[in-house]
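Next up is a structure, given as structure tokens.
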Amino acid sequence: MVRYVPNIGLEVHCELSTQTKVFCGCPTAAGAPPNTQVCPVCLGFPGALPALNRAVVEYGLRVALALRCQISRPSIFERKGYYYPDLPKNFQISQKRSPLGHSGWVEVSANGDPSPGGLHRVRITDVHIEEDAAKLLHPEDDRDHSLVDFNRSGIPLLEIVSEPDMHSAAQVEAYMNAIRSALLYLGVSEARMEQGQLRFEASISMRPEESAELGTRVEIKNLNSFRAVLGAVRHEIERQTKALQSGERLVQETRLWDDVRQATEPMRTKETAMDYRYFPEPDLVPLVVDDEWIARVRAGLPEMAEERGRRLVREYGFDEKEAAVLTSDKSAADAVETAIKERGVPAEYAKNMMIGPGFRWRRLASAAGTPESAATATTGTKTSLVWVGSPADEAKAIHDLYRLQSQGQLSGTAARALYPEILKTGESADDLVKERGTQIGDQDQLGAAVDEVIAENAEAAENFRKGKEAALKFLVGQVMRKTKGRANPQMVNEMVRGRLAGGKA
Ligand code: ZN
Ligand code: MN
């Protein structure tokens with residue numbers, strides 16, 4: 001049977017975090033009542049003239065240069081024509097033939113693993129500026145009408161288009177992480193998926209392994225999370241491979257991802273670029289970015305994840321893989337470095353606290369979509385308070401735990417258990433310890449817990465008596481659980497050992 005290799009390309013739409021919109025002075029802040037952040041320009045009134053926001057160009061340049069793009073000079077704005085109720089002008093101002101940046105590249109892990117080594121290059125076709133459309137709302141209680149909120153109309157977007165250089169879902173995931181991390185390091189977007197600040201379109205084709213020519217291309221729209229992209233990519237690889245192996249011919253088409261069915265379905269046959277009738281926007285002059293501007297932005301580019309990872313290995317002796325994990329999340333790396341540099345926490349302690357409990361919390365938060373549902377996922381109970389702290393606050397939390405642990409008020413287990421609690425509740429470590437009590441150092445109290453655990457786990461106790469060391473670990477773990485991490489593990493260890501060895505009370 002012929003083996004097929006996927007070629008996957010991604011378009012990433014990212015909402016820039018400028019104060020005002022791209023072609024007018026309306027504010028971009030989220031959460032305002034509908035249609036209160038609007039003007040004739042972003043409402044699309046005839047004759048209203050757009051004026052380009054300089055900050056949008058500055059942000060776009062940061063991204064384009066960080067992704068090693070060439071800068072088009074001039075860069076041209078064009079009208080992309082289509083008709084839809086969220087777009088009263090009947091065209092979106094975008095860029096096609098002369099995008100702000102083009103011909104760049106990023107390197108991502110070939111197997112999706114964050115450790116360096118085995119890097120795979122993904123070419124960036126272009127990075128271009130465009131405006132967002134309005135938001136359509138379909139009220140549940142009124143099926144006959146739809147509503148339009150123009151607050152989002154004219155919000156600046158940066159579209160980052162890749163070549164179809166990815167060959168697996170793992171590479172796609174690594175690429176999305178790299179782009180999101182770059183946006184956060186560059187400070188140009190909050191990149192919050194649950195707020196629709198990152199949206200994706202994927203193109204997927206399959207080619208026979210020995211052929212250089214790409215197969216029939218299928219585009220997938222409606223991808224609003226990493227999970228949706230990965231689901232769609234896996235589904236399409238499987239669907240197309242099956243079809244090809246059974247001799248079917250694939251059609252070039254656009255498909256929609258259905259989050260509920262976890263499948264793609266046909267949407268319409270592909271329009272060509274001609275259908276959008278791109279033509280130069282006559283109301284905007286060509287954008288000329290001079291050498292000085294480019295040089296200034298280039299010089300001001302921050303240290304990015306990879307470079308930072310290398311520095312953390314050098315400065316603190318972290319291993320490469322841990323440094324890569326840590327720097328993959330800017331807020332995590334910021335918190336750890338602040339804890340070390342400004343609060344004197346030992347590097348190993350800060351790093352371990354983050355890589356274990358800190359990242360477990362982050363994974364839950366991103367899987368659940370919102371911090372609030374993450375709080376629910378962690379404990380099974382609803383918590384109304386969620387962590388909204390900065391890396392400086394998180395550094396303080398790490399420092400507090402370190403101090404309490406050094407003073408013997410907390411065991412390492414309890415400190416690790418408390419960390420996500422702090423993130424979830426926003427309470428300080430000291431307050432939480434006060435509420436729940438410090439480490440149990442009292443022999444009698446601990447002894448009672450140890451006796452209970454031994455009685456409840458007679459088999460494990462018997463196994464340890466017969467010489468199975470693993471059983472001891474299990475029993476100590478049970479005591480830690482019973483005491484909610486408040487026992488001193490070393491004391492527990494000695495007590496269990498003592499009771500089971502000599503039968504002493
Ligand atoms: Zn406006
Ligand atoms: Mn676009």
Side-chain angles (χ1 to χ4, degrees), residues 9-16 18-30 32-56 59-60 63-64 75-84 86-102 124-135 148-163 179 183 189 191 196-203 219-224 229 254 256 267 270-279 281 283-284:
L10 217 60
E11 295 177 6
V12 184
H13 281 96
C14 129
E15 192 177 308
L16 297 178
T18 53
Q19 297 291 306
T20 56
K21 294 185 179 181
V22 55
F23 299 122
C24 62
C26 291
T28 54
N35 298 312
T36 54
Q37 296 174 339
V38 294
C39 74
V41 173
C42 56
L43 286 167
F45 285 8
L49 290 174
L52 179 60
N53 180 348
R54 190 182 169 89
V56 172
Y59 282 20
V63 175
S75 168
I76 311 273
F77 288 94
E78 283 166 291
R79 294 183 172 185
K80 177 181 182 179
Y82 68 93
Y83 177 81
Y84 208 64
D86 63 5
L87 189 76
K89 296 199 300 264
N90 296 336
F91 60 84
Q92 175 195 34
I93 303 178
S94 180
Q95 302 193 297
K96 183 155 185 78
R97 274 161 290 196
S98 278
L100 181 66
H102 63 89
I124 305 290
T125 316
D126 74 68
V127 171
H128 65 260
I129 296 169
E130 58 185 38
E131 58 181 345
D132 208 346
K135 188 176 186 177
V148 191
D149 178 4
F150 283 92
N151 287 356
R152 211 180 69 186
S153 169
I155 296 270
L157 299 179
L158 210 58
E159 182 172 337
I160 302 166
V161 184
S162 87
E163 293 290 315
I179 296 292
L183 295 170
S189 173
Q197 294 179 344
L198 282 183
R199 287 168 260 159
F200 307 88
E201 286 173 29
S203 73
E219 279 188 42
I220 303 159
K221 293 189 184 284
N222 194 29
L223 302 169
N224 297 323
V229 173
T254 298
L256 276 181
M267 180 173 132
K270 175 83 188 88
E271 330 87 336
T272 62
M274 276 303 282
D275 291 322
Y276 287 126
R277 303 177 311 282
Y278 278 99
F279 72 95
E281 163 61 70
D283 292 337
L284 286 165

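Start at 1 and go down the list; that is how both ligands and their atoms are numbered.
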- Query: Closer than 2.8 Å to the Mn ion (ligand 2), do we get an N, O or S atom from His13, backbone or side chain?
  - Reply: yes
- Item | Donor-acceptor side-chain pairing of Glu219 and Ser203 below 3.5 angstrom | no
- Message: My understanding is that only one of Arg79, Lys89, Lys21, Lys80 makes a salt bridge (charged side-chain N to carboxylate O under 4.0 Å, His left out) with Glu131; could you say which?
- Response: Lys89
- Protein N/O/S count near the Zn ion (ligand 1) (criterion: distance under 2.8 Å): 4
- Which residue pairs pass the side chain to side chain donor-acceptor pair (under 3.5 Å) test with at least one member in residues 42-54, sequence neighbours excluded? Thr20-Asn53
- Item | Vertex the Mn ion (ligand 2), arms to Glu159 OE1 and Glu130 OE2, rounded to 10° | 100°
- Distance col, row Ser153:OG vs Gln92:CD, nearest 0.5 angstrom, shows 10.0 Å
- Quick one: pull up OG1 in Thr254 and CD1 in Ile220 and give me the separation to the nearest 0.5 Å. 9.5 Å
- In Å, rounded to the nearest 0.5 Å, how long is the span from SG of Cys14 to CD1 of Ile179? 9.5 Å
- Within a reach of under 6.0 Å around OH of Tyr84, are more than 12 heavy atoms found that belong to other residues, nucleotides or ligands? no
